There are 2 protein chains.
Amino acid sequence: MRIDLHETAKILLESDNVLLLCHSHPDGDTLGSACALAHALSAKGKNIRVECSDTIPKDFSFMFEGLESREFEPDLIAAIDVADIKLLGRDFEGRYQGKIDLCIDHHGSNMLYADKVCLEADSASTAEMIYLLLGIMELEITPVIASCLFTGVSTDTGCFRYSNTKVRTFEIAAELAKLGADTYNIIQVFFETKTKTYAALERLALDSMRFYFSDRCALICITQDMYKRTGSDESEVDRISTLTRQVEGVLVGVTMRELKDGSYKASVRTHGDIDASAICKRLGGGGHMGAAGCTLLGTKQQAINSLLKEVQAEIDAYTIMK
Amino acid sequence: MRIDLHETAKILLESDNVLLLCHSHPDGDTLGSACALAHALSAKGKNIRVECSDTIPKDFSFMFEGLESREFEPDLIAAIDVADIKLLGRDFEGRYQGKIDLCIDHHGSNMLYADKVCLEADSASTAEMIYLLLGIMELEITPVIASCLFTGVSTDTGCFRYSNTKVRTFEIAAELAKLGADTYNIIQVFFETKTKTYAALERLALDSMRFYFSDRCALICITQDMYKRTGSDESEVDRISTLTRQVEGVLVGVTMRELKDGSYKASVRTHGDIDASAICKRLGGGGHMGAAGCTLLGTKQQAINSLLKEVQAEIDAYTIMK
């Protein structure tokens with residue numbers, strides 16, 4: 001059942017023991033949203049626990065400071081920013097199958113696997129929704145909550161650069177800054193700091209960039225060998241996916257990365273009316289209009305070919321439409 | 001004489017024929033601020049002209065749409081975002097020496113060359129000051145004015161990433177977005193679009209990056225030869241200067257570029273309490289705490305050595321201070 005933010009607020013306020021689940025391969029939005037909610041509800045005396053099937057990267061550890069991680073039997077299990085129960089990660093998927101009471105999310109591709117779903121597909125981040133939700137619940141936004149939410153708001157919009165950034169995004173960012181979010185350091189950590197190993201990987205990535213379809217598609221492919229040569233690893237590869245779309249004239253930017261099991265994960269970023277999520281859905285993946293992903297099997301060349309075929313179909317459809 | 005925004009508003013409202021001067025090598029802040037003021041004052045029936053000694057790059061041409069460029073004898077000459085009369089450019093410097101009635105600026109290094117100076121050194125951009133000024137003058141901020149100002153606000157803060165970004169910056173950005181600024185396209189043009197020639201230049205720049213002082217200083221040197229090899233040119237080089245400071249552990253990022261006359265222009269970007277403007281002032285330049293510049297003569301190696309000497313002094317002072 002689809003519910004709105006007011007109904008969501010009511011459910012959360014009525015629950016005393018809440019388990020909040022984040023998606024695996026956690027990012028600033030799933031963690032920032034869940035932790036903001038956890039801090040705010042804990043302050044009301046509730047038992048709140050945030051869980052993620054993957055280890056929390058150290059850049060996000062500030063979000064957990066001051067949160068107790070008490071054991072309790074939840075009377076509400078809520079998935080935050082999780083579009084598909086599969087995205088909880090392998091162990092969690094089995095454990096929580098059929099048991100998710102509530103999902104708060106902004107992914108248009110949400111699989112509606114939860115009992116109640118609060119979904120705003122036009123919200124740039126789940127963090128924006130949580131900001132509004134805290135207002136409805138009349139819970140105080142402390143500086144640490146503001147920082148959690150600002151992390152979600154900024155990381156899911158590429159620091160206000162993606163097309164999902166709306167007037168509301170800037171307004172909420174301004175409110176969070178006023179409430180004491182550590183905007184400068186958050187932006188430095190997530191957008192303005194490259195490790196030396198990442199900088200080396202980025203150089204190889206740029207060298208590997210190839211162009212297709214009259215330069216309207218740019219493709220980067222990161223191999224396991226590149227990690228070895230640079231001392232970098234998969235934890236650093238997310239930012240690479242913004243590089244392709246930045247080249248003038250490129251409508252579809254694709255970043256493929258070889259996983260340890262030999263399969264390829266593709267991140268597709270698009271401009272304008274080209275639907276990244278349509279491209280990825282046809283290959284078993286999903287996401288947003290401007291940013292989506294999928295996993296591909298086969299050799300590197302086979303993976304590239306399957307993806308380029310769908311990219312071409314989408315570019316052709318777009319060109320005819322214009 | 002130093003004056004505040006209210007006195008500045010009064011002077012502007014009392015003048016009927018206003019010449020607004022931008023600095024040479026014009027950027028989003030000088031042009032966005034001057035054009036916003038020009039649009040708003042023109043709508044009050046005044047004669048306003050914006051002048052710059054350099055050609056206006058095409059990315060800024062939208063700012064001039066709808067502005068009449070009538071000839072008239074100014075009763076007020078105002079320099080906008082111009083810290084030093086030298087920065088008006090060679091011809092303009094001679095022409096306007098001793099004739100600047102008003103300067104509106106946010107550079108701490110302002111030389112106070114104008115008769116009246118409205119200076120807010122803690123403002124992230126001159127555009128923020130113009131936004132407040134328009135409010136004081138009760139002039140309407142149309143979508144095009146909002147776009148001019150948003151260009152200044154975003155470009156002078158590296159799209160909200162530099163340390164000069166304050167709560168007020170986010171608040172004004174949100175207001176401008178609400179007033180119809182074309183935030184998405186402005187950010188795409190100035191931050192998310194690389195020409196293919198720029199992308200090639202960036203690759204060479206990253207390859208040329210060298211580290212000094214236990215990796216606390218990173219230095220890139222762009223030569224005329226690099227422009228030749230990539231088909232790029234000086235108009236594309238500004239963005240390179242953000243690359244050095246992004247590497248983890250780097251406190252001072254230096255980007256040197258060889259000018260056509262064989263001299264070198266250095267852009268210095270710093271983190272934390274290291275004063276870029278102090279480094280550059282000792283070499284005859286100036287700027288802000290976090291971003292400054294200067295021009296160096298001699299061979300490439302001599303230029304690098306002079307600069308590194310001052311960088312080292314500043315890093316040493318910082319280390320002792322800590």
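Labels below follow one simple rule: chain letters A, B, ... track the order of the sequence lines, proteins then strands, and each chain is numbered from 1. None of the values given here were measured: they were computed from a predicted structure.
Of the two parts of B:Phe211, only the side chain, counted from C-beta on, holds a non-hydrogen atom closer than 4.5 Å to a non-hydrogen atom of chain A.
In this structure, CD1 in B:Ile187 is found 11.5 Å from OG in A:Ser163, a value given to the nearest 0.5 Å. Note that OH of A:Tyr184 is 9.5 Å distant from CG of B:Asn164, once rounded to the nearest 0.5 Å.
Ranked by heavy-atom pairs under 4.5 Å with chain B, the list A:Leu176, A:Thr183, A:Leu243, A:Asp207 is led by A:Asp207. Note: A:Cys159 leads A:Ser154, A:Cys159, A:Ala199 in heavy-atom pairs under 4.5 Å with chain B. Ranked by heavy-atom pairs under 4.5 Å with chain B, the first of A:Asn185, A:Ile172, A:Val247, A:Thr169 is A:Val247. If you tally non-hydrogen atom pairs under 4.5 Å between each of A:Met209, A:Glu175, A:His271, A:Arg168 and chain B, the highest count goes to A:His271. In terms of heavy-atom pairs under 4.5 Å with chain B, the best-connected choice from A:Glu248, A:Gln246, A:Arg245 is A:Gln246. Put simply, of A:Ala200, A:Ala218, A:Ala174, the one with the most heavy-atom pairs under 4.5 Å next to chain B is A:Ala174.
Side chains of B:Lys196 and A:Asp215 form a contact here, defined as non-hydrogen atoms less than 4.5 Å apart. With contacts defined as side-chain heavy-atom distances shorter than 4.5 Å, the pair B:Phe191/A:Phe160 does not qualify. In this structure, the side chains of A:Glu202 and B:Leu206 come closer than 4.5 Å at one or more pairs of heavy atoms.
With respect to B:Glu171 and A:Lys178, a salt bridge is recorded, a charged nitrogen being found less than 4.0 Å from a carboxylate O.
For A:Gln188 (side chain) and B:Arg161 (main-chain N/O), a donor-acceptor pair under 3.5 Å exists by modelled atom type.
Within 6.0 Å of CD in B:Glu140 there are 12 or fewer heavy atoms belonging to other residues, nucleotides or ligands.
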